[in-house]
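Heavy atoms only: backbone and side chains are in, while hydrogens, waters and symmetry mates are out. Every chain is numbered from 1, with letters handed out A, B, ... down the list of sequences.
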Amino acid sequence: MSDVLLKVSDVSVTIPTEQGTVHAVDDATFSINKREVFSLIGESGSGKSILGQAIMRLLPPNAMFSGKVELEGMEISALSEKEMQKVRGKTVASIAQNPYLAMNPGIRVGTQVAEPMQAHLGISKEDAKSRTCRALKYFDIIPPEVREREYPFQYSGGMLQRAMVAMGTAADPELIIADEPTKGVDVLKKRNIAAIFQKVASDGCAFLLITHDVGFARAMSDRIAVNYCGQIIEIAEKEPFFKEPLHPYSQALLGAVPERGMHPIPGPSPSMIEVPEGCRFHPRCPHKTDRCLTNPPVVEINGRFVRCWMYA
Amino acid sequence: MLNEYFIRRVLYLIPVLIFISFMSFSLIYIAPGDPAEIMMTSPSGGYDEAAVEAFRIAHGLDQPFYIQYFNWLKNAAVGDFGYSYMSEQSVFETVLNAFKNTLKLSVLALAIALVIAIPFGVVSALKHNTIVDDACRFGALLGVSMPNFWQAYLMIIFFSVIVHWLPASGFGHGTDIRYMILPAAVLGTGAAAVMMRMIRSSMLDVMGKEYIQTARGKGLSEKIVIIRHALKNALVPVITVIGLSIGFLLNGSVVVETIFGWSGIGNLVVDSILSHDYMMVQGSVLFVAVIFLLINFFVDLVYVWANPEIRYDKTS
């Protein structure tokens, strides 16, 4: 068996709205290996979260999906909703951004953490309860016997975040999709989240981190994919990526982080409805030429992928 | 802390009840008509002055207003609500019997209301802005806008006169359920319409919450997501409306009870007001008030149960 856990091929998602059709994800192709931490970075509103929802098959009902998603060799994008329910939470789980919104306020935390176990592992209520306590303890939620009977509002923010990770990992998934785990979180909490994720990753779980936080992605990831205006424009191993980003947008993005002088990227973010012709970055690109008005190819260079005419 | 709150709530009931009893006593006192004359008037229209005077003295009606009221209050405080001028029967027993009848009707009406409101409210929310939702909302609009008396007659015409399924009116000794169906349906559908709209909007709100998406992400079936994760939270704001409906149902609908000849508390109050039966009016008004206050009190308890954040407020 190959090491590939998740394979996403030619996935596109469009969402019709009153203002026009949003091209949220365009032609996304990448794969994540077992035990790999893979980050998808990009600006807010560039379609990263939609890609995560597309993998989980939890898109808004009016979204149009095309392409293929394979998980452990199984084409999950072709499964029926009923079969997909057996995959969600079991093989691939998601961890949402805001624990206060993502946990049900009216249900005890323990019950919520136990749900994936009961849904997927076929274990009794008592077994699920003791496993839940062990899981809570594993993530420093103590005393677990007391905490599992409490409600989300009785938890502190950090504790609830850990409970959410306990919930996501409850049925021992192979892959966790974490959507903006560090959004709106201060530096200390960010460090805690990184520590918890690293703990889970060291247990052998692969991650798809969806984040706009370049620093967090750098600290966590094995590989990085850069998303711009619904397209993945570069995929690379972490070290070479941060040493030498290939795509002009990646270069501009890294130049915009505080450590590198905070140089803003000129020009406004493009509309997701009327996307620019050709290369989507060309209106803001310092290296643009005439050929950038046609769609750039995805070029492979030393195992890296970049969607840019400069390397064609 | 919670106990203290509830004790305070119970103590508040006392001045409220005294105020209500005073208001009802004063209103009926200043209303035109003299109970002694009404009682002592023979069917032919004449009455005996001496008998009227004797009736007044016997029932304390010759006393000034405030003495009459305080006498009543004094007796009521020890559980003696007096006897009806008309039937000479114990007010308490009469009211209790009438209430039992209203209770039967209310339970059935509430069951009908919930059985209609919850599924239709949920379906309406899940299929929002589709033809199904439009149909549900149109039904709810009909339910709230049709006056009870009109709906009652329509149902009598159809179910009793045309298809002969159910009796048009009557009491059936209070045990025959066939007599209860039409009045309960009229009361229940009216209440259902309001509840359905509340459940719909509350459910729509909850289904858009992130924790619903989280629940789906755990691989739970849509049925479990809706019932376990959405419905309970969606029902919390609806509890108030359900509680109010119960209060109104239990206080008896004058219109519906009159149309269907149901001897419930609504009918009793109207009859005793018309005959200036002070004792009966006082007794039934006070009873109705107590029921309403108890229901409100109970709704608060349910609220606390349904919303853990209130339950644990001061203790954690």
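- For the side chain to side chain contact (heavy atoms under 4.5 Å, CB included) test with B/Thr214, the passing option among A/Met103, A/Met167, A/Gln112, A/Met164 is A/Met167; the others fail.
- Around atom NZ of A/Lys199, more than 12 heavy atoms belonging to other residues, nucleotides or ligands sit under 6.0 Å away.
- Smallest separation of non-hydrogen atoms from B/Glu210 and A/Ala102: OE2-CB, 4.1 Å.
- Heavy-atom distances place both the backbone and the side chain of A/Leu58 under 4.5 Å from chain B.
- Using a 4.5 Å cut-off between heavy atoms, A/Pro152 does not touch chain B at all.
- The number of heavy-atom neighbours closer than 6.0 Å to NZ of A/Lys190, taken from other residues, nucleotides and ligands shown, is above 12.
- Heavy-atom neighbours of B/Ile131 CD1 from other residues, nucleotides or ligands within 6.0 Å: at or below the threshold of 12.
- The candidate from A/Glu81, A/Met56, A/Arg88 with the greatest count of non-hydrogen atom pairs under 4.5 Å with chain B is A/Arg88.
- More than 12 heavy-atom neighbours from other residues, nucleotides or ligands sit within 6.0 angstrom of CZ on A/Phe207.
- For the residue pair A/Glu115 / B/His229, a side-chain donor-acceptor distance below 3.5 Å is found, with atom types taken as modelled.
- Top candidate by heavy-atom pairs under 4.5 Å with chain A, chosen from B/Ser221, B/Gly217, B/Ala230, is B/Gly217.
- In this structure, B/Lys218 and A/His120 approach most closely via the heavy-atom pair O-NE2, 2.8 Å.
- Between the CD atom in B/Glu222 and the NZ atom in A/Lys82 there is a gap of 11.0 Å [rounded to 0.5 Å].
- Considering only heavy-atom pairs separated by less than 4.5 Å from chain B, the leading option among A/Ile107, A/Ile95, A/Val92 is A/Ile107.
- Counting heavy atoms of neighbouring residues, nucleotides and ligands inside a 6.0 Å radius, atom CE of A/Met64 does not exceed 12 of them.
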